[in-house]
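Right, one structure below, let's go through it.
By convention here, the first residue in the shown sequence is residue 1. Numbering of ligands and ligand atoms starts at 1, following listing order. Just so you know, these numbers use all the heavy atoms, side chains as well, and skip hydrogens, waters and symmetry mates.
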Amino acid sequence: MSHAELLDIATEAARTAGALLLERFGTELVLATKSTPTDVVSEADLAAERAIREVLARRAPDDAVMGEEGPDVGGTSGRRWIVDPLDGTVNFLYGLPMWAVSVACEGLAGVVYDPLRDELFAAVADGPATLNGRELRVEGPSELSQALVATGFGYDPARRILQAEVVSRVLPRARDIRRGGSAALDLAWVAAGRLDAYYERGINPWDVAAGELICARAGLVVERLDPVGELPWGVLAAPPAVAGELRALVT
Ligand code: IPD
Ligand code: CA
């Protein structure tokens with residue numbers, strides 16, 4: 001399958017889920033909690049993932065699938081889809097306008113779709129990153145002190161203590177910090193130049209699979225961060241001039 005076909009499948013899946021989420025935005029309730037009492041799931045998460053898996057089963061039946069809300073499905077093609085049907089679930093449930101659908105065919109194609117703004121961030125491995133078809137190319141600031149840095153926090157209180165220590169090192173050195181509540185949208189917005197950099201440890205592959213590719217194709221340095229002590233692996237995305245300084249503070 002060509003990259004263009006994979007991108008078309010990702011787009012159909014993300015737009016289908018996005019339409020369904022839009023209908024429910026503002027009226028959704030917590031259905032259950034997962035890893036901790038603050039890690040919530042709603043009917044909307046489940047319905048959106050079902051819709052994405054239906055598109056993938058129809059259009060890419062030989063491919064493996066990993067999704068936040070369902071079991072891993074094996075495949076025979078060597079390709080794997082990594083799906084977050086609703087990234088920013090807490091925002092969604094509070095009626096805050098920072099949430100998105102993330103659909104990636106690992107390393108090959110990815111989209112982050114923001115239904116409220118009808119913004120589709122997309123990339124393929126051998127093409128440019130785009131926002132609604134317009135090419136994204138980031139230059140970014142030349143030093144961390146000028147950079148608006150996004151990050152996020154996990155749901156486990158013990159992990160948050162460690163994440164707070166890291167952010168306390170970054171905050172005095174950056175222009176400022178943003179915690180938007182959706183890792184996928186954070187990455188997409190870095191690619192669009194609305195934020196300058198992003199880092200977070202303790203995320204899951206579905207939070208970042210599409211956003212990493214979009215940032216890389218927009219010209220950003222994108223790295224996986226190794227675990228440090230009790231903090232798991234993470235992701236850093238930053239302009240080349242800022243990546244080294246940020247890496248040194250979060251490592
Ligand atoms: C979360 C968001 C958040 C990030 C967390 C993720 P969810 O995903 O991306 O910004 O800080 O690490 O778990 O729970 O809203 O799908
Ligand atoms: Ca997520």
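With salt bridges taken as basic N to acidic carboxylate O contacts below 4.0 Å, one links Arg224 and Glu212. Remark: Glu5 does not engage Arg79 in a salt bridge, criterion side-chain N to carboxylate O under 4.0 Å.
Contact annotation: for Asp186 versus ligand 1, there are no heavy atoms closer than 4.0 Å.
Each of the atoms 9 (O), 10 (O) of ligand 1 lies under 4.0 Å from some heavy atom of Ser182. Atoms of ligand 1 lying under 4.0 Å from any heavy atom of Gly152, numbered from 1 in the order shown and given with element: 11 (O). Per-residue contacts place Leu86 under 4.0 angstrom from the following atoms of ligand 1 (heavy atoms of the residue considered): 16 (O). Proximity to Ala183 (heavy-atom distance under 4.0 Å) selects the following atoms of ligand 1: 2 (C), 9 (O), 10 (O). Applying the 4.0 Å criterion to heavy atoms of Glu200 picks out, from ligand 1, the atoms 4 (C), 5 (C), 11 (O), 12 (O).
Other residues, nucleotides and ligands place more than 12 heavy atoms under 6.0 Å from the CZ atom of Arg160.
Between Phe92 and Trp99, the angle of the ring planes goes over 60°, which puts this pair in the perpendicular group of the 30/60° scheme.
A heavy-atom separation below 4.0 Å is not found between Gly154 and ligand 1. For Thr151, the heavy-atom gap to ligand 1 stays at 4.0 angstrom or more. Contact annotation: Tyr155 has at least one heavy atom less than 4.0 Å from an atom of ligand 1.
The shortest side-chain heavy-atom distance between Pro85 and Arg53 does not fall under the 4.5 Å cut-off.
Side chains of Thr11 and Asp8: a donor-acceptor N/O pair is absent below 3.5 angstrom, by distance only.
Atom OD1 is the N/O/S atom of Asp207 found closest to the Ca ion (ligand 2).
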